[in-house]
Amino acid sequence: MRGVHLTLTDSLRDYATQHLVDPIAKYIDDEATEVDIALVDINGPKGGVDQECRVTVRMPGFAATHITETAETMFQAIDATRDRLENTIKRTVEKRREQSSQGLPQDVRF
């Protein structure tokens with residue numbers, strides 16, 4: 001996790017961990033998974049809707065997933081990113097499970 005054009009405070013780091021990393025952890029079961037989080041203040045002190053949360057998730061065997069959300073506050077950007085990321089990862093993992101069980105007899109499927 002890194003801050004770009006802003007100071008990454010402990011409260012911001014804790015919020016991102018609790019509201020972004022922890023919710024997606026239940027879908028990720030491989031220790032080799034890499035999650036890169038960049039919290040960006042696009043306009044700096046000028047203000048405006050310029051708080052951006054960029055997340056890239058790399059899971060072995062899957063294409064990298066990249067989500068970017070911009071909002072008025074960093075907390076809103078983190079929450080919006082979490083919602084999209086959670087849906088994307090859930091859909092990707094479920095699709096893989098469906099594909100891997102297609103060749104199995106009906107009574108053996110997961």
Side-chain angles (χ1 to χ4, degrees):
M1 185 177 314
R2 64 188 179 350
V4 180
H5 305 295
L6 63 87
T7 302
L8 193 56
T9 63
D10 288 339
S11 64
L12 193 54
R13 183 182 302 274
D14 291 342
Y15 188 87
T17 300
Q18 290 175 358
H19 293 265
L20 183 61
V21 177
D22 292 347
I24 65 168
K26 61 185 170 189
Y27 302 107
I28 301 171
D29 58 356
D30 192 330
E31 291 181 11
T33 298
E34 180 182 331
V35 179
D36 180 34
I37 302 170
L39 304 176
V40 184
D41 185 359
I42 298 171
N43 293 334
K46 295 178 188 174
V49 180
D50 69 337
Q51 303 297 306
E52 189 171 79
C53 179
R54 303 174 188 162
V55 178
T56 302
V57 178
R58 294 175 194 86
M59 297 185 295
F62 293 92
T65 302
H66 182 76
I67 304 289
T68 300
E69 282 292 330
T70 305
E72 209 168 295
T73 69
M74 189 57 72
F75 301 107
Q76 292 170 337
I78 290 170
D79 290 341
T81 303
R82 178 206 51 231
D83 294 342
R84 284 188 55 206
L85 187 61
E86 198 169 16
N87 288 335
T88 302
I89 290 176
K90 181 179 176 182
R91 193 172 51 244
T92 302
V93 170
E94 286 177 358
K95 186 176 181 180
R96 173 67 59 93
R97 286 185 185 146
E98 288 173 9
Q99 290 174 348
S100 67
S101 68
Q102 283 181 349
L104 297 175
Q106 190 68 24
D107 60 337
V108 180
R109 292 189 181 173
F110 304 103

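Values below: all heavy atoms of this structure, side chains included; hydrogens, waters and symmetry mates excluded. If you're wondering where the values come from, they're calculated on a predicted model, not measured in any experiment.
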Check: residues 51-67 side-chain donor-acceptor pairs under 3.5 Å, at least two apart:
from : atom 1 : to  : atom 2 : distance (Å)
Q51  : NE2    : D41 : OD1    : 3.1
E52  : OE1    : R54 : NE     : 2.5
E52  : OE1    : R54 : NH2    : 2.7
E52  : OE2    : T70 : OG1    : 3.1
T56  : OG1    : H66 : ND1    : 2.7
R58  : NH1    : E34 : OE2    : 3.1
H66  : ND1    : V55 : O      : 3.4
H66  : NE2    : T68 : OG1    : 3.0

Can you list, pair by pair, the side-chain donor-acceptor contacts under 3.5 Å of residues 1-13, counting residues two or more places apart and other chains?
from : atom 1 : to  : atom 2 : distance (Å)
T9   : OG1    : S11 : OG     : 3.2
T9   : OG1    : L12 : N      : 3.2

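Note on I89 and V21: same hydrophobic cluster, where clusters join Ile, Leu, Val, Met, Phe, Trp and Tyr whose side-chain heavy atoms are under 4.5 Å apart, directly or indirectly. A continuous path of Ile, Leu, Val, Met, Phe, Trp and Tyr side chains, each step under 4.5 Å between heavy atoms, connects Y15 with L20, placing both in one hydrophobic cluster. Hydrophobic clustering (ILVMFWY, side-chain heavy atoms < 4.5 Å, transitive): V93 and L85 are in one cluster.
The side chain to side chain donor-acceptor pair (under 3.5 Å) contacts involving residues 81-90 comprise E69-R84, D79-R82, where partners must be two or more places apart or lie in separate chains.
Taking CD of Q18 as the reference point, atom CD1 of I78 lies at 11.0 Å (rounded to 0.5 Å).
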